[in-house]
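No hydrogens, no waters, no symmetry mates; every other heavy atom, side chains included, goes into these values.
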Amino acid sequence: MWLAAAILSSVFAGLTAILAKCGIKKTDSDVATAIRTVVVLAFSWLMVFVAGSAKTIPQINSNSLLFLILSGAATGASWMCYFKALSMGDVNKVVPIDKSSTILSVLLAIICFGETEHLFIKLLSTFMLGAGIILMVEKKKNSSEITDRTYIFYAIGSAVFAALTSILGKIGITGVESNLGTAIRTVVVLIMAWVIVFMKGKQSQLRHLDKKELIFLFFSGIATGASWLCYYYAIQNGVVSIVVPIDKMSILLTLAFSYFVFGERLSRRAGIGLCLMTAGTLTMTCFG
């Protein structure tokens with residue numbers, strides 16, 4: 001079941017990136033993140049009450065609560081960086097860098113949780129993922145390329161915080177029902193997102209939101225909520241060093257949409273990189 005949940009998480013995460021990209025053409029990335037988080041929060045708490053886990057809130061120990069809060073904070077930071085990067089760069093450039101969090105997550109899972117079974121396979125797969133990512137972020141040699149490469153730093157920040165999210169979330173969700181753990185984390189992300197909006201004085205932009213983009217942001221929030229629920233069920237019941245690479249293969253769906261919807265084509269080298277990433281993930285899943 002946790003493998004199926006990891007795959008569903010990947011599918012919903014892929015939809016999230018595309019829907020979010022459609023929703024931030026005119027809308028500021030910080031404002032968009034805050035709006036999406038409201039949707040995620042409502043969706044996640046709805047699932048808590050459907051699952052009947054709200055009654056277990058008093059049973060959560062302080063250690064789990066602390067790590068859930070830290071995981072939520074890392075998620076908020078990752079989101080801020082990720083959607084800022086998406087607003088500045090192409091999907092097919094930002095997403096591969098963001099997915100490099102897989103490498104750090106796997107290494108941290110091996111160190112922190114002792115997931116050393118089939119260690120050689122995991123390290124080999126991680127190397128393949130890294131090589132694939134390097135090939136995919138190769139600079140394109142054409143005149144239409146975006147000259148401002150600041151998005152790279154935001155994408156790297158997104159990857160680092162995303163890796164921390166997985167590790168902190170695995171610790172915090174121990175002994176906590178996965179839907180409830182996701183909902184608690186989302187509260188932290190929501191607070192961070194709106195604090196950023198008000199600190200930067202962007203709340204006035206809420207009056208001038210594009211209705212079409214608002215619809216995309218709404219469905220992006222739904223997709224994110226569904227992805228999180230599946231993801232944290234998977235890492236709670238499965239192996240982090242396997243779940244994370246599967247989840248990150250949302251890149252396949254994301255890049256397919258970016259090709260057909262935005263016309264963002266991959267170079268030959270980037271295509272080879274994508275194949276390496278896919279092969280590394282499949283190797284990790286089947287033999288790790």
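Remark: S250 engages S10, A13, K99 in a side-chain contact (heavy atoms from CB on, under 4.5 Å) (not counting sequence neighbours). Considering only residues two or more places apart in sequence or on other chains, L190 meets the side-chain contact (heavy atoms from CB on, under 4.5 Å) condition with T37, V38, L41, W194. Residues passing the side-chain contact (heavy atoms from CB on, under 4.5 Å) test with T278, sequence neighbours excluded: M249, L252, L274, L282.
Nearest heavy-atom pair across F43 and A226 is CE2-N, 3.5 Å. Pairing each heavy atom of G181 with each of L68, the nearest pair is O-CD2, 3.9 Å. Of all non-hydrogen atoms in V48 and A54, the two that sit nearest each other are CG1-N, 3.7 Å. The two residues A5 and C230 make their nearest non-hydrogen contact at O-CB, 3.2 Å. Considering all non-hydrogen atoms of both residues, G225 and V40 come closest at CA-CG1, 4.0 Å. Shown here for L209 and L206, the closest heavy-atom pair between the two residues is CG-O, 3.5 Å.
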Set out, in order, the CA-CA distance, both residues' side-chain angles and the distance that settles side chain to side chain donor-acceptor pair (under 3.5 Å) for T182 and S44, then state yes or no. CA-CA 7 Å; T182 301; S44 58; over 6 Å; no
I121 and M284: CA distance, side-chain angles, deciding distance, side-chain contact (heavy atoms from CB on, under 4.5 Å) verdict: CA-CA 7 Å; I121 295 296; M284 182 92 71; 5.8 Å; no
Using the rule given for side-chain contact (heavy atoms from CB on, under 4.5 Å), can you reason through V106 versus L123, listing the C-alpha separation, both sets of side-chain angles and the distance that settles it, and then say yes or no? CA-CA 9 Å; V106 171; L123 293 178; over 6 Å; no
Could you go through D30 and T33, starting from their C-alpha distance and side-chain angles, then the distance that decides it, and tell me whether this counts as side chain to side chain donor-acceptor pair (under 3.5 Å)? CA-CA 5 Å; D30 292 327; T33 300; 5.4 Å; no
Evaluate side-chain contact (heavy atoms from CB on, under 4.5 Å) for K122 paired with V239, printing each intermediate quantity in order. CA-CA 12 Å; K122 290 180 178 178; V239 180; 4.2 Å; yes
Would S29 and Y82 count as a side chain to side chain donor-acceptor pair (under 3.5 Å) if you check the C-alpha gap in whole Å, the side-chain angles of each, and the deciding distance to 0.1 Å? CA-CA 9 Å; S29 61; Y82 182 60; over 6 Å; no
side-chain contact (heavy atoms from CB on, under 4.5 Å) evaluation trace for K170 with F67: CA-CA 9 Å; K170 173 70 174 180; F67 279 97; over 6 Å; no
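L70 and M192 are not part of a single hydrophobic cluster, where members link through side-chain heavy atoms under 4.5 Å apart. Clustering ILVMFWY residues whenever any of their side-chain heavy atoms sit less than 4.5 angstrom apart, transitively, puts F113 in the very cluster that holds L107. A continuous path of Ile, Leu, Val, Met, Phe, Trp and Tyr side chains, each step under 4.5 Å between heavy atoms, connects F198 with I35, placing both in one hydrophobic cluster. A continuous path of hydrophobic side-chain contacts links I18 to L8 [ILVMFWY only; heavy atoms under 4.5 Å]. I196 is not connected to V188 by any chain of hydrophobic side-chain contacts under 4.5 Å among Ile, Leu, Val, Met, Phe, Trp and Tyr, and they are in different clusters.
In this structure, CG on L19 lies 11.5 Å from CZ on F12, to the nearest 0.5 angstrom. We find the CD1-CD1 distance between I167 and I111 to be 9.0 Å, quoted to the nearest 0.5 Å. Separating the NE2 atom in H118 from the OG1 atom in T283 is a distance of 13.0 Å, to the nearest 0.5 Å. The distance from the CD1 atom of I235 to the OG atom of S9 is 9.5 Å, given to the nearest 0.5 Å. Here OH of Y151 is found 10.0 Å from CD1 of I156. Values are rounded to the nearest 0.5 Å. The CG atom of L108 sits 11.5 Å away from the OG atom of S241 when rounded to the nearest 0.5 Å.
For F127, the CZ atom is loosely surrounded, since the number of other residues' heavy atoms within 6.0 Å does not exceed 12.
A donor-acceptor pair is defined here as one N or O able to donate and one able to accept, closer than 3.5 Å; no such pair exists between the side chain of E115 and the backbone of A109. Between the Q203 side chain and the V31 main chain, no donor and acceptor come within less than 3.5 Å of each other. For T116 (side chain) and L119 (main-chain N/O), no donor-acceptor pair under 3.5 Å exists by modelled atom type. With hydrogens and angles disregarded, a donor-acceptor distance shorter than 3.5 Å links the side chain of T174 to the backbone of I171. Judged purely by atom type and a 3.5 angstrom limit, T281 uses its side chain to pair as donor or acceptor with the backbone of M277. Judged by distance alone, the side chain of S227 and the main-chain N or O of A223 form no donor-acceptor pair under 3.5 Å.
Side-chain contact check for L65 versus I184: some heavy-atom pair is nearer than 4.5 Å. Proximity of N237 to S178: side-chain heavy atoms (C-beta onward) are nowhere separated by under 4.5 Å. The side-chain heavy atoms of L180 and W45, taken from C-beta on, include a pair separated by under 4.5 Å. Taking the side chain as every heavy atom from C-beta outward, Y231 and S166 approach each other to under 4.5 Å. Between K25 and D210, the closest side-chain pair of non-hydrogen atoms is not below 4.5 Å. For the pair L129/L276, no side-chain contact is recorded, criterion being any heavy-atom separation below 4.5 Å from C-beta on. A 4.5 Å side-chain heavy-atom check between T56 and I60 finds every atom pair outside the cut-off.
Using modelled atom types, one finds a donor on one side chain and an acceptor on the other under 3.5 Å when comparing E213 with T27. Looking only at atom types and distance, the side chain of T165 has a donor-acceptor partner in the side chain of T75 under 3.5 Å away. Side chain to side chain, S53 and N179 fail the donor-acceptor criterion of an N or O pair below 3.5 Å.
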